[in-house]
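Let me begin by presenting the structure, written as structure tokens, before commenting on it.
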Amino acid sequence: MLLIVLMGFCLGGFPASAERTGAAGSPLRVLLIPADGGTEDGTRADFLPLFNAITRTSGIHFDVQTGQSYSAVIEGMCAGQAEIAWLGPVSYVEAHKRGCADLLAIEERDGSSTYYAGVFVSRDSGIDTPDDLIGKSIALGSQHSASSFSYPLAMLSKAGVDPLRDLDAVRITGSHANSLLALQNGLVDAAGASFISFERAVNQGGLSASGFRLLIKSDPIPNPPIAMHPGLSPSVKASLRSSLGSVHKMPGIRPESIRGYGGKQVDRYNTDASDELFEAMASTIGFIDTDYQAAILLKSGS
């Protein structure tokens with residue numbers, strides 16, 4: 001399999017200066033979006049067991065790093081600075097439209113490849129319905145994040161609350177955890193975040209679950225995918241799909257090594273998934289175009 005990877009890079013679409021073989025001295029470069037607070041070591045630690053397991057079972061080596069931001073990972077892929085990336089669903093769609101990323105796999109747990117986000121409020125806030133947020137403030141994460149930016153805006157809009165017109169203020173914090181902390185500290189009246197990020201922040205001791213209440217729950221969101229650069233040759237793509245799709249059942253690989261978003265153990269990585277999984281998401285958040293996003297950022301003062 002490693003020989004296939006070596007041959008693929010010799011024939012692939014990367015410029016010579018960007019060629020990687022997957023050998024120990026020339027690993028494939030992986031960029032991870034900075035999830036759950038943007039801690040480089042934390043996000044990298046979530047995924048190292050997975051990529052180490054693939055190395056043990058296939059001989060393909062990886063250099064796993066965390067980007068400084070969602071946009072930095074997108075630009076890294078588009079600049080040919082990485083062969084593989086873990087992206088949020090919205091940032092994947094952006095990179096894919098730019099021709100910088102093809103779908104490699106999506107994590108799967110209990111037969112599902114989706115997760116949920118919510119709009120959270122303080123338990124004692126007196127905010128019981130979305131209408132109660134009119135004239136109040138919300139904290140959102142990165143503008144490239146589905147669950148901490150796009151879906152909270154879509155949930156409010158669906159509930160009849162216009163974020164641009166009806167909210168007094170929008171604060172862009174850059175991450176799920178920062179938004180939840182802003183809510184906990186009384187800096188905002190609501191926060192958008194994924195359920196996984198909320199659970200992780202509570203487990204790490206940064207948040208007290210009893211102080212929060214879920215106001216709105218999202219529709220299912222596609223799990224953050226692992227993508228690969230389109231410049232890779234078909235043989236390399238096939239090798240990566242084979243390795244990632246089968247690593248969960250290889251001898252000597254512990255189930256807890258197969259991790260995903262938030263460092264949670266997953267059952268497997270579905271390498272047969274298609275871009276159709278993202279079509280429902282596009283219909284939900286499609287109104288958030290470049291102009292709308294710019295208006296939100298302007299409202300936030302970003």
Side-chain angles (χ1 to χ4, degrees), residues 33-38 69-71 74 86-97 106-107 112-121 127 129-131 133 136-164 166-167 170-180 182-183 188-201 212-225 260-262 275-297 299-300 302:
I33 56 172
D36 295 310
S69 65
Y70 284 68
S71 58
I74 296 172
W86 178 64
L87 296 157
V90 170
S91 50
Y92 165 70
V93 170
E94 180 179 340
H96 182 65
K97 285 181 177 179
I106 299 179
E107 65 184 64
S112 174
S113 293
T114 60
Y115 70 112
Y116 293 90
V119 172
F120 297 86
V121 296
I127 299 173
T129 69
D131 283 346
L133 280 178
K136 293 184 169 55
S137 59
I138 189 170
L140 302 174
S142 167
Q143 68 196 70
H144 299 286
S145 170
S147 50
S148 70
F149 185 89
S150 298
Y151 270 81
L153 293 173
M155 285 185 271
L156 290 174
S157 296
K158 184 178 180 180
V161 178
D162 185 330
L164 287 172
D166 296 332
L167 294 181
V170 175
R171 180 177 178 183
I172 305 299
T173 69
S175 74
H176 304 249
N178 288 344
S179 294
L180 293 166
L183 176 58
V188 292
D189 300 298
S194 73
F195 285 13
I196 293 173
S197 296
F198 179 82
E199 179 184 350
R200 178 169 185 168
F212 293 83
R213 183 159 42 84
L214 178 65
L215 184 67
I216 318 174
K217 180 181 178 179
S218 74
D219 293 331
I221 308 171
N223 282 336
Y261 183 19
D275 287 303
E276 292 180 1
L277 187 63
F278 297 89
E279 291 179 0
M281 180 188 75
S283 65
T284 298
I285 65 174
F287 71 97
I288 306 176
D289 57 16
T290 302
D291 290 339
Y292 189 92
Q293 187 179 94
I296 290 291
L297 295 177
K299 185 179 181 72
S300 73
S302 299

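Owing to the predicted nature of the structure, the values given are computational and were not obtained by experimental measurement. The figures here come from the full heavy-atom set of this structure, side chains too, leaving out hydrogens, waters and symmetry mates.
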Quick check for you: to the nearest 0.5 Å, what is the distance between [X] atom [atom1] and [Y] atom [atom2]?
X	Y	atom1	atom2	answer
I216	T129	CD1	OG1	9.0 Å
F198	H176	CZ	NE2	13.5 Å
F149	Q293	CZ	CD	5.0 Å
I221	T284	CD1	OG1	9.0 Å
L183	R213	CG	CZ	10.5 Å
L153	K158	CG	NZ	15.0 Å

Within the side chain of S147, is there an N or O that forms a donor-acceptor pair under 3.5 Å with the backbone of A193? no
Apply the test side chain to side chain contact (heavy atoms under 4.5 Å, CB included) to residues V188 and I138: give CA-CA distance (whole Å), side-chain angles for both, the deciding distance (0.1 Å), then the verdict. CA-CA 6 Å; V188 292; I138 189 170; 5.9 Å; no
Contact check, side chains of [X] and [Y], non-hydrogen atoms, under 4.5 Å:
X	Y	answer
L156	L167	yes
Y92	I33	no
D131	V161	yes
R171	S137	no
V119	L133	yes
S145	S150	no

Considering all heavy atoms, the nearest [X]-[Y] contact:
X	Y	value
G141	T173	CA-OG1, 4.0 Å
E107	G260	OE1-CA, 3.2 Å
G192	P152	CA-CG, 3.7 Å
S71	H144	CB-NE2, 3.4 Å
P220	Y151	O-OH, 4.0 Å

Residues in side chain to side chain contact (heavy atoms under 4.5 Å, CB included) with F287, at least two apart? A154, S157, Y292
May I ask you to decide if the ring planes of Y261 and W86 are parallel, tilted or perpendicular, using 30° and 60° as cut-offs?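 Judged by the thresholds at 30° and 60°, the geometry between Y261 and W86 is tilted.
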Is a donor from one side chain sitting under 3.5 angstrom from an acceptor on the other, for S197 and S194? yes
